[in-house]
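Worksheet: the structure to be examined is printed underneath.
Remember, it's 1-based here, ligands and their atoms both numbered in the order they're listed. One is the number of the first residue; the rest follow in order along the sequence.
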Amino acid sequence: MNTQNCNNQIIFRDTLETRIVFHIDFDYFYAQCEETRSPELKTKPVCVCVFSDRGGDSGAIATANYTARKYGVKSGIPITFAKKRLEERKDAVYLPVDFDFYSEISKKAMEVMKDSADIFEYVGRDEAYLDVTERVEKDFKKASHLAQQIKNSIRDKTKLSCSIGISCNKLISKIASDFQKPDGLTIVPPIETEVFLDQLKIRKIPGIGKKTEKRFLEMNLETIQDLKRLDIFTLNKEFGRKSAAYIYNAVRGIDDAPVKEKEESIQYSKITTLKEDSKDYQFLYESVMELCKEVHHIVKKNNRMFKSVGIHFVQSDLSNKSKSRMLRSPTKNIEELQKNADQLLKEALENQTITIRRLGVKVSELSKVQGQSDITAFF
Ligand code: DGT
Ligand code: CA
Ligand code: CA
């Protein structure tokens, strides 16, 4: 039995019992949002860019529509690379990110999903898990109808297309939602799990990245079926107990993690591109303190307290690194914010080999300041 606390109700569910879980993921999300407000973009390659404060084409691609992807443009590559790859497409469009707009669209779509789920778990602006076991009475056919209704309703309200994966757990549904993108609907009933997973490349398992894939390829293992040949002892030796257990179960389609009730958690953050790439503490400290002031300004304006503080690095190779910590109690105090951000910076810089390009500070776990305003709120 596994128990779960949801709206103060304890729900008991036997994990051996069939569940029906949806994973819903919007297609080329930021770029599709841009297409909804400018339909003429639909026939063109569209790249949504995070332009850095250094000017020109400095920065990275956040995402691109499927036309641009045909030319090899994908998330994370420098804007200059994307422009080279799209050189022959004079109609290619490069737009700056507009997070407020994407959040607005996301909210509308998430409302549809919430209304259609027994349990709704927000994962990010463009994806969520839904447990629909009860409402479809454990029937995959009814689940398929419900998924189609959700797709239609999201399209009516937001003009967005999404892809849905349906199975008996989060892992298989996540893999399934990615299987027929864009505008996909992939249903994997328990009896078809093995056939579905076996054919797939190892890389399709969430959490298995380039490096792990390479190690498996060196062992001559390419598909999920190949991976099943490894016993748990070999996996333990190669990857350590925790990852080994995850991989061993994942290739067999086993995942007991419940869909947990979770709504979007609001956070306030500020990020800046440094004047030059650096890993020098004193240099970064100055920026962190400045960012804390800016974040604190937003906290104050919204009359909020925060209980979690985080810092974020975009490193010179464009990889990300972040650290956060939970405070003992909620606060709105800037000194506390700066002290914690400074400690996180020191921790993050231990063993830092690569230089840092962009630096961010965020606060989350927000609550309203109750009652009479503290006098410090006026300063
Ligand atoms: P999809 O789901 O394959 O059709 O395409 P996306 O663009 O929806 O990809 P997904 O689901 O991995 O990411 C959702 C959004 O998150 C995406 O529209 C932009 C943002 N994003 C993803 N990867 C990156 C990245 O490397 N850098 C930045 N800045 N944003 C990213
Ligand atoms: Ca997506
Ligand atoms: Ca996603």
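More than 12 heavy atoms of other shown residues, nucleotides or ligands fall within 6.0 angstrom of atom NZ in Lys321. By the 6.0 Å contact criterion, NZ on Lys74 is open, its count of non-hydrogen atoms from other residues, nucleotides or ligands being 12 or less.
Heavy-atom proximity to atom 31 (C) of ligand 1, evaluated over Cys162, Gly59, Ala62, Cys49, is greatest for Ala62. Closest heavy-atom approach to atom 9 (O) of ligand 1 among the candidates Gln32, Glu34, Arg69: Arg69. Residue Thr63 holds the heavy atom nearest to atom 7 (O) of ligand 1 of all those in Val314, Ile77, Ile61, Thr63.
Note: Phe239 and Tyr248 fail the aromatic proximity criterion, with ring centroids not under 6.0 Å apart. A ring-centre distance under 6.0 Å is found for Phe179 and Phe196.
Residue contacts with ligand 1 for Arg125 are absent, since no atom lies close enough (heavy atoms, distance under 4.0 Å). Residue-level proximity to ligand 1 for Val97 is absent, since no heavy atom of it falls below 4.0 angstrom.
Salt bridge annotation for Glu290-Lys293: present, with a cationic side-chain nitrogen under 4.0 angstrom from a carboxylate oxygen. Ion pairing between a basic and an acidic side chain is recognised when a charged N comes within 4.0 Å of a carboxylate O; Glu263 and Lys114 show such pairing. Arg54 has a carboxylate O that lies under 4.0 Å from a charged side-chain N of Asp277, or vice versa, which qualifies the two as a salt bridge. Ion pairing between a basic and an acidic side chain is recognised when a charged N comes within 4.0 Å of a carboxylate O; Asp255 and Lys174 show no such pairing. Residues Asp178 and Lys181 are not paired through a salt bridge, judged by the lack of any N-O separation under 4.0 Å between the basic side chain and the carboxylate.
Looking only at heavy atoms of the protein, atom 1 (P) of ligand 1 is closest to Tyr28 N, 3.6 Å. When hydrogens are left out, the protein atom nearest atom 13 (O) of ligand 1 is Asp126 OD2, 4.1 Å; that is the closest non-hydrogen contact. Of all protein heavy atoms, the one lying nearest to atom 8 (O) of ligand 1 is Phe29 N, 3.0 Å. Of all protein heavy atoms, the one lying nearest to atom 29 (N) of ligand 1 is Val50 CG2, 3.6 Å.
For ligand 1, the polar-atom distance check finds no N/O of Asp27 at less than 3.5 Å from any of the ligand's N/O atoms. Between Tyr30 and ligand 1, at least one N/O pair is under 3.5 Å apart.
Judged by the shortest distance from any of its heavy atoms, Tyr66 lies inside the 4.0 Å radius around the atoms of ligand 1.
Protein-derived N/O/S atoms nearer than 3.0 Å to the Ca ion (ligand 2) total 3, waters excluded.
The main-chain N or O of Val112 is never found under 3.5 Å from a side-chain atom of Ser153 such that the two would form a donor-acceptor pair.
In the hydrophobic clustering of ILVMFWY residues, with side-chain heavy atoms under 4.5 Å counting as a link, Ile202 and Leu200 come out together.
Between Tyr102 and Phe99, the ring planes are perpendicular. Angles over 60° get that label, and only those under 30° would be called parallel.
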